[in-house]
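Letters A, B, ... mirror the listed sequences (proteins, then strands); counts begin at 1. Just so it is clear, the values below take in all heavy atoms, side chains as well, and ignore hydrogens, waters and symmetry mates.
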Protein chains: 2
Amino acid sequence: MVEEISTRKEKVLKAIIQEHILTAEPVGSRTLARKYDFDFSPATIRNEMADLEEMGFLEQPHTSAGRIPSDLGYRFYVDRLMEGELEKPVSLKRYLKELSRQKSGVEDIMSGMARMLSRMVQYTAIVSEPGFSESKISRLELLPISSRKLLLIVITSSGLVNDKIIQLEKKLTEEELENLNRILSRRLTGRKISTITGPFLQDLEEELKRRLNYAAEIIKRLEDEITGILDKQEMKIYLDGTSYILEQPEFSDIQSLKRILKVLEREEELRKLVAGLENELEVKIGAENKIQEMQNCSLVVATYRLQGGGTGRVGVIGPTRMEYPRVISSVDLTAELISKIISSSGR
Amino acid sequence: MVEEISTRKEKVLKAIIQEHILTAEPVGSRTLARKYDFDFSPATIRNEMADLEEMGFLEQPHTSAGRIPSDLGYRFYVDRLMEGELEKPVSLKRYLKELSRQKSGVEDIMSGMARMLSRMVQYTAIVSEPGFSESKISRLELLPISSRKLLLIVITSSGLVNDKIIQLEKKLTEEELENLNRILSRRLTGRKISTITGPFLQDLEEELKRRLNYAAEIIKRLEDEITGILDKQEMKIYLDGTSYILEQPEFSDIQSLKRILKVLEREEELRKLVAGLENELEVKIGAENKIQEMQNCSLVVATYRLQGGGTGRVGVIGPTRMEYPRVISSVDLTAELISKIISSSGR
DNA sequence: TTTTAGCACTCAAAGAGCTAGAGTGCTAAC
DNA sequence: GTTAGCACTCTAGCTCTTTGAGTGCTAAAA
């Protein structure tokens, strides 16, 4: 894998990939020599190509066609050849201003960013709502709605608001509610969300029982809801620019199109896709994605972090033949933007 | 338009439409005679077809092909021929139970219903969030988040919760906030949302100024937000089953596919599409839609009404060659379900 | 008068054959 | 080690033909 590779081979590989990204066609030695003026001939290129193919970086659709990059080829490109091409597309500030003006709710920000990103790169964009496990609760409130319904409101340190309606089986008096509210507020405010787990909850339950002597059932219910609202696995996914997929020649046959559009409808799948990553910025090329139907796709995902501690993901889904440099910078930029915008609106 | 049409012609037209819906192919006299055993011959059918074509109910893609229904043909079918075919697909109760269990937020309900409907009919489903203008405010609360930020919470009589973060330019003391809260709550609780307009707002502003002597600016800001949150034109649109479009043979060429998928991404467009209807249940066939790109599509939309007074829309988007009876009953059913579920969770 | 059988005609879709052109790999010369 | 030259390969696109479902018209039958 870590074979040595001559600079000339690198040059050829890079040119092939760039050309293929541009045209979506197999590229041949002739065209390559014509477009890029190398100081060696098509014949030499052919030899290098044969080598590169043997090394696994290129593939040949059929004997008399040009070469196309393999997943491995793209991988090498992204890891080693792309460097110089990266650029910050434009200044953050311009976008920041424009976006932070009208938008305010998390939802609007998320969908706005997804839209912006997809427009920018001309591929499908995906944004996941921030998870809260690393942020703190800065405020917690229970409002009665009707005799059996409460509205639980939790504001996190990153300035995001969550609410959820809670159905109770037993009626609560005003006093009981006030008590409950006070206890929960005292115990939970300022607490890091990831620490609200088993032992702590048990302790909380004890206290509630002691101080309010409710039925354990009700308390349990409440706790479920609280933990549910907080470390919800169910972070919402925002997609935009799905139709850009149609522009890609590799998806010009309905079958493959159908396959990938179907995947984009399965939210859980996307969540897994985007969540299961370790690095700050990750590029998954072709078959590196575990999802069968996405073997022809690449995924570029970055992590954004909010001041208060929440984290989420932004990404782009496109064909393996993707303009990696441009996409990577844009995704990066967007992640940064999201942090900035939410943090500023959270002030 | 209100031409008389013989029962035999009706029979033929109905058979053609049903056959075409099934096969997506032009239908000829021969096949028709074979499949449906009429008591008249293909030749007669041909004559009737020629008549029906002249009347505008049928079209011929080219001279030597069979006939396909025109928009007018479908219209006639939906208005006059379809009757007997309508059926309630299944009992409401089963769905109701299943759905109302875990789902609780409006968002979840809406997206859940969109998903269910699209699965049921195998076309794209669209659901719009309920508008509030006809319901009342049952509770209103302002919570401080930070020195310059308030959380405005409005609960409507239909049991739906809305919240919005409000940025203030001036700091508020606790007392001022309490005052503000009390006044707003007193003046707005129980009020029908559509009546919160110009004169009433002016009056409210006067009172606020008198009682709190804030800068008019701040008050204005607050009012904007309140009215914004309430009669927001920006009702969210939930789409599901977009990929079902790909199953339709009429969209097997990428161009038309692209056109319609692009439309489905423009939320404002969809909002208009779904909102601009007068009747409780409306069927828009082909060119009856004003949207250019949807000339090959039909739209079936029903209105749902919540107990407290909100209304929204549910619909299905599919090819003109749509299984109208099944779709209409399903859309109807779904509208009913939505009312029931939200009303029951709103109790 | 209405319906039907028969027939000549039409047209798209599918298959067969052909050509052009871009590309390759190999060999031999530089 | 590099390159020019050449024979060979394979697809995409073109035309040509065939096939078959379908029509409209006419004349006979009901």
Tabulated below should be each protein N or O lying under 3.5 Å from an N or O of nucleotides 28-30 of chain C; please produce it.
none

(message) Please confirm whether the shortest side-chain N or O distance from B:Arg67 to OP1 or OP2 of D:dT23 is below 4.0 Å.
(response) yes
(request) Under the side-chain hydrogen bond (donor to acceptor under 3.5 Å, both in side chains) rule, collect the residues that match up with A:Asn47, sequence neighbours excluded. (result) none
(request) Starting from P on C:dT24, measure out to CD on A:Glu48 and report it in whole angstrom. (result) 14 Å
(request) Let me know the distance between CG of A:Leu52 and P of C:dG25, rounded to the nearest Å. (result) 12 Å
(message) For the CZ atom of B:Phe57 and the CE atom of B:Met49, what is their distance to the nearest 0.5 Å?
(response) 15.0 Å
(request) Taking only the side-chain heavy atoms of B:Asn47 (C-beta and beyond), determine which of D:dT3, D:dG24, C:dT4 contains the nearest atom. (result) C:dT4
Expected list for residues 16-24 of chain A: side-chain donor-acceptor pairs under 3.5 angstrom, two or more places apart:
from    : atom 1 : to      : atom 2 : distance (Å)
A:Glu19 : OE1    : A:Tyr36 : OH     : 3.3
A:Glu19 : OE2    : A:Lys35 : NZ     : 3.0
A:His20 : ND1    : A:Glu25 : O      : 2.8
A:Thr23 : OG1    : A:Glu19 : O      : 3.0
A:Thr23 : OG1    : A:Glu25 : N      : 3.2

(request) For residues 242-265 of chain A, pull every pair meeting salt bridge (Lys or Arg N to Asp or Glu O under 4.0 Å), keeping only residues two or more places apart or in separate chains. (result) A:Glu247-B:Lys258, A:Glu247-B:Lys262, A:Glu250-A:Arg321, A:Lys258-B:Glu247, A:Lys262-B:Glu247
(request) Mind listing the residues from residues 17-45 of chain B sitting with a heavy atom below 4.0 Å of DNA chain D? Number order is fine. (result) B:Gly28, B:Ser29, B:Arg30, B:Thr31
Close N or O pairs between protein and nucleotides 8-13 of chain C (under 3.5 Å):
from   : atom 1 : to      : atom 2 : distance (Å)
C:dT10 : O2     : B:Ser64 : OG     : 3.0
C:dC11 : OP1    : B:Thr63 : OG1    : 3.2
C:dC11 : O4'    : B:Ser64 : OG     : 2.8
C:dC11 : O2     : B:Ser64 : OG     : 3.4

(request) Output all residues satisfying side-chain hydrogen bond (donor to acceptor under 3.5 Å, both in side chains) with B:Tyr74, sequence neighbours left out; order by chain, then residue number. (result) none
(message) Can you list everything that forms a salt bridge (Lys or Arg N to Asp or Glu O under 4.0 Å) with B:Asp79? Sequence neighbours excluded, please.
(response) B:Arg75
(request) Using atom CD of B:Gln60 as one end and atom C1' of D:dA21 as the other, report the distance to the nearest whole Å. (result) 12 Å
(message) I'd like to know if B:Arg46 reaches the base of C:dG6 with its side chain, counting only an N/O donor and acceptor under 3.5 Å.
(response) yes
(message) Enumerate the salt bridge (Lys or Arg N to Asp or Glu O under 4.0 Å) contacts for residues 46-56 of chain A, please, sequence neighbours excluded, ordered by first and then second residue.
(response) A:Arg8-A:Glu48, A:Lys9-A:Glu48, A:Lys9-A:Asp51, A:Glu53-A:Arg67
(message) Between A:Arg115 and B:Glu267 (salt bridge meaning N to carboxylate O under 4.0 Å), is one present in this structure?
(response) no
(message) Can you see if the side chain of B:Arg8 gets near the phosphate of C:dT3 - specifically, an N or O under 4.0 Å from OP1 or OP2?
(response) yes
(request) Among residues two or more places apart or on two chains, list those pairs meeting salt bridge (Lys or Arg N to Asp or Glu O under 4.0 Å) that have a residue in residues 276-286 of chain B. (result) B:Glu280-B:Arg305, B:Glu282-B:Lys284
(message) A:Tyr77: which residues meet the ring-ring contact (aromatic ring centres under 6.0 Å, His included) condition with it, sequence neighbours left out?
(response) none
(request) Apply side-chain hydrogen bond (donor to acceptor under 3.5 Å, both in side chains) to B:Asn296 and list each qualifying residue two or more places apart in sequence or on a separate chain. (result) none
